[in-house]
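In what follows, every chain begins at residue 1, and chains take the letters A, B, ... in the order their sequences are listed.
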Amino acid sequence: MILATWNVNSLKVRLPQVINWLQEYQPDVLCLQEIKLQDENFPLKEIEATGYQSIFVGQKTYNGVAILSKTQGCDIVTAIPCFEDVQKRVIAGTYGDVRVICVYVPNGDNIESEKYAYKLRWLPALNEWLQDELTKYPKMAVLGDFNIAPDDRDVYDPSVWEGKVLCSQPERDALDKLLALGLVDSFRLFEQPEKTYTWWDYRMMAFRRNRGMRIDHVLLSNELAKICKSSQVDKETRKLERPSDHAPAWVELSD
DNA sequence: ATGGTAGAGGATCTA
């Protein structure tokens with residue numbers, strides 16, 4: 001079973017790349033973030049034509065998440081329960097006996113901003129929900145753009161980013177609390193190439209200089225971590241013409 | 001310190 005995540009930064013623009021990616025990798029599940037479109041504009045037919053099902057929750061201009069899958073998902077949830085939020089940032093479905101939760105964690109802008117405060121309110125709400133989900137679904141995967149680099153290995157220049165948004169201690173503590181629920185960062189289950197990142201700013205030729213950060217993650221419950229065969233980042237997709245600023249990340253689980 | 005790019009939507013806001 002292959003589970004993947006990709007912040008596409010506009011599904012409208014990236015649709016041809018998404019369809020190509022589905023055909024090349026044949027993932028069982030692909031979680032998308034920043035689809036940036038309203039539900040009535042979701043390219044349902046185009047995705048269906050590739051043999052994939054879709055669930056999605058979108059809004060105008062910003063945010064929006066979706067899960068594309070080979071089989072129909074059930075028990076779909078499109079918001080964090082008991083958390084007031086006009087921004088569409090989570091969607092979950094169950095595929096076979098695997099619970100898949102797709103998240104787009106707020107970016108936070110900078111640590112002085114109201115957006116950062118929102119991020120630090122949002123993460124405990126996610127935590128509470130995931131804790132509840134884990135009791136129901138021992139086989140659980142949380143995939144998405146977390147907008148948090150877990151540690152200095154995940155940052156091209158840690159001294160520049162020390163204490164800044166995406167790297168600050170409160171954010172890293174919030175991520176650690178998610179892991180403390182009984183989740184593992186699948187990427188670190190394996191030996192990995194140094195300087196592997198999932199996001200590179202469009203500006204300053206950041207990709208060409210590999211000035212990136214690993215902020216997109218596949219977290220696995222212990223039951224899924226046990227059967228995880230690999231966890232990788234598809235850097236090639238970031239090299240395409242008109243790319244998203246994020247690369248897909250994916251895991252392979254044994255059946 | 002600033003600005004560099006991309007996307008949405010039609011001036012800025014977000015990242």
How is the hydrophobic cluster of Met204(A) composed, in terms of its other members, when Ile, Leu, Val, Met, Phe, Trp and Tyr link through side-chain heavy atoms under 4.5 Å apart, directly or indirectly? none
Just checking Phe207(A): base, sugar-phosphate only, or nothing, at a heavy-atom cut-off of under 4.0 Å? nothing
Anything under 4.0 Å to a heavy atom of chain A counts; send over the first and last such nucleotide of DNA chain B, read 5' to 3'. dG3(B) to dA15(B)
Heavy atoms within less than 4.0 Å of DNA chain B: which residues of residues 153-174 of chain A have one? Give them sorted by number. none
Between Trp199(A) and Asn9(A), which residue's closest nucleotide on DNA chain B lies nearer the 5′ terminus? Asn9(A)
Tell me every residue that passes salt bridge (charged side-chain N to carboxylate O under 4.0 Å, His left out) with Glu114(A), counting only those two or more places apart in sequence or in another chain. Arg121(A)
Salt bridge (charged side-chain N to carboxylate O under 4.0 Å, His left out) partners of Asp97(A), counting only residues at least two apart: Lys139(A)
If you pin Lys115(A) and Arg203(A) to their nearest nucleotides in DNA chain B, which one's is more 5'? Arg203(A)
Under 3.5 Å, side-chain donor or acceptor atoms of residues 248-255 of chain A against the rest of the protein: list the pairs with distances, not counting sequence neighbours.
unit_1, atom_1, unit_2, atom_2, d
Ser254(A), OG, Ile227(A), O, 3.3

Atom P, compared across dG9(B) and dG3(B): separation rounded to whole Å: 26 Å
I'd like the P distance from dT2(B) over to dA6(B), given in whole Å. 23 Å
Any residue meeting ring pair (Phe, Tyr, Trp, His ring centres under 6.0 Å) with Tyr104(A), in chain and number order, not counting sequence neighbours: none
When you compare dA1(B) with dT14(B), how far apart are their P atoms, in angstrom units rounded to a whole number? 23 Å
Please work out whether the ring planes of Trp200(A) and Tyr197(A) are parallel, tilted or perpendicular, with thresholds of 30° and 60°. perpendicular
Show me, pair by pair, the donor-acceptor contacts under 3.5 angstrom made by side chains of residues 35-46 of chain A, not counting sequence neighbours?
unit_1, atom_1, unit_2, atom_2, d
Lys36(A), NZ, Asn9(A), OD1, 2.7
Asp39(A), OD1, Gly58(A), N, 2.7

Side-chain polar contacts of residues 163-170 of chain A - donor-acceptor pairs under 3.5 angstrom, sequence neighbours left out - could you list them?
unit_1, atom_1, unit_2, atom_2, d
Lys164(A), NZ, Val160(A), O, 2.8
Ser168(A), OG, Tyr116(A), OH, 2.7
Ser168(A), OG, Glu171(A), OE2, 2.5
Gln169(A), NE2, Asp173(A), OD1, 2.9

